[in-house]
Amino acid sequence: MRFIVHIDMDAFFASVEKLDNPDLKDKPVIVGGLGKRGVVATASYEARRYGIKSAMPILKARKLCPDGIYLPPRFERYREISKKIQQILLSYTPKIEPISLDEAFLDLTETVDSFDLAVAKAAKIHIEIKEKLGLTCSVGVAPNKFLAKLASDMRKPNGFMVIRKEEIEDVLRDLPISRMWGVGRITEKKLNDMGVKTIGELKKIPKSRLKDAFGKQGENLYRLARGIDESPVEPYHPVKSISQEITFDEDIKDSEKIKLYIARLSEEVGEALRKRGLRARTVKIKVRFSDFTTITRQFSFDIPTSSTGMIRSLARKLFEEKVAENKKVRLIGVGVSNLTGKKEGQLYLFPKAEEKLEKIDYLLDMIRERFGKNSIRRGG
Ligand code: TTP
Ligand code: MG
């Protein structure tokens, strides 16, 4: 059995604002976009009593709670505190997986000898975060990630909840199926149509029927309904480079065709960068010819970018200017390295232009996520 801990800060952004300004104590604080079309990022627990929730339009929130204190987010500051939280967690185990700025999993299986000792350690972390940072969090301890996250959520705010092996069935029975991982609106609707609303009801459906109705996901539903989740805590490893390459079915000589592939690979590399909140200072290409000789060419610049447009034009330029040989190409690759966090060195020569490129990238990423990889590709 594993000993997994999940830590989630309470009303994180709003709590940080209160920490930095004691006048806000006990007041309904709402952090989010303050413009006409802004949404609530988070609301303090006082504000939640007015019915304010994450992702609610800010105008609606203002109607529900006109006397609330509305603040724009200060990500720099949240990130700074997030780092301090990580430092505390790292003093307990290197096996931590940060999920977002305010949330992380810990695997204490190899750190302590028993589940009870893991619970004791988790309690210590709970106290230490409060004492060192002046912020409360909610903690869940359980034999796996799914249950640990569930546990941390059940007693919010400032909660501490343990789910032991023998308690799993009781805890899960009456929970709505939407609390299970991977159950979005579509799956929920489909299960509702099968007469299933709670995890306990889901447990009664035979595995074969779930597999028929949901394919591979059916197996997952079957296991989660029983509180089984083997997914590992994956410690964060800094990414040093990102690259994509393709080997053609048939070697290609037409450089225009090759450049189309370069565009496609650049798109994938850019997307991967943005997903990780990273920017690159070096773009490189790799070319393998039909005789298997392989060359790489790279170009570095001062202003880190995560824009597909930048990566693509640099990769194409490298190909045009540095790969003069008029030979058949077997493989082409595009990569980036010299990576940096999103907010560092954010001094653009042409801030507006860069911003515009990023907005387009962001939109394309969203569309692809929703409709699949091949749904959209920019022209030119
Ligand atoms: P959550 O942990 O989901 O929320 P929370 O910490 O504000 O409140 P809770 O006590 O329920 O844990 O998210 C952490 C932070 O991430 C949150 O303070 C603000 C930010 N966030 C957004 O910016 N947009 C969102 O839609 C959500 C859910 C969170
Ligand atoms: Mg939180």
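Atoms within each ligand, like the ligands themselves, are counted from 1 in listed order.
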Donor-acceptor pair between Tyr45 and Arg48 side chains, under 3.5 angstrom: yes

Distance-only polar pair, side chains of Ser114 and Asp116, donor-acceptor under 3.5 Å: no

What do you think, any protein heavy atom under 4.0 angstrom from atom 9 (P) of ligand 1?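 There is a protein heavy atom less than 4.0 Å from atom 9 (P) of ligand 1.
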
Salt bridge or not for [X] and [Y], using N-O below 4.0 Å?
X      : Y      : answer
Asp153 : Lys156 : no
Lys124 : Glu128 : no
Arg288 : Glu245 : no
Glu271 : Arg274 : no
Glu230 : Arg2   : no
Lys317 : Glu320 : no
Lys259 : Glu256 : yes

If you count the atoms of ligand 1 from 1 in the order shown, which ones are under 4.0 Å from a heavy atom of [X]?
X      : result
Phe12  : 5 (P), 6 (O), 7 (O), 18 (O)
Tyr45  : 9 (P), 10 (O), 11 (O)
Lys156 : 9 (P), 10 (O), 11 (O), 12 (O)
Asp102 : 2 (O), 6 (O), 13 (O), 14 (C)

Please determine whether any non-hydrogen atom of [X] lies less than 4.0 Å from an atom of ligand 1.
X      : result
Glu103 : no
Arg48  : yes
Tyr78  : no
Ala11  : yes

Plane angle bin for His126 and Phe160 - parallel if under 30°, tilted between 30 and 60°, otherwise perpendicular: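 Phe160 and His126: parallel rings.
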
What count do you get for protein N/O/S atoms less than 2.8 Å from the Mg ion (ligand 2)?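 Step by step: take the Mg ion (ligand 2), keep protein N, O, S below 2.8 Å, and you get 3.
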
Inter-residue atom distance Lys284.NZ - Phe299.CZ, 0.5 Å rounding: 16.0 Å

Side-chain donor-acceptor pairs of residues 136-151 under 3.5 Å, sequence neighbours excluded:
residue, atom, partner, partner atom, Å
Thr136, OG1, Asp10, OD2, 2.7
Ser138, OG, Asp10, OD1, 2.8
Ser138, OG, Asn158, N, 3.3
Ser138, OG, Gly159, N, 3.1
Asn144, OD1, Phe146, N, 3.3
Asn144, OD1, Leu147, N, 2.9
Asn144, ND2, Gly227, O, 2.8
Lys145, NZ, Glu97, OE1, 2.7
Lys145, NZ, Pro232, O, 2.9
Lys149, NZ, Glu103, OE2, 2.8

For [atom], what's the nearest protein heavy-atom neighbour? Residue, atom name and distance, please.
atom                    : result
atom 17 (C) of ligand 1 : Thr42 CB, 3.7 Å
atom 27 (C) of ligand 1 : Ala41 O, 3.9 Å
atom 26 (O) of ligand 1 : Ser54 CB, 4.3 Å

Taking distance alone, with no angle check, do Phe13 and ligand 1 share an N/O pair under 3.5 Å? yes

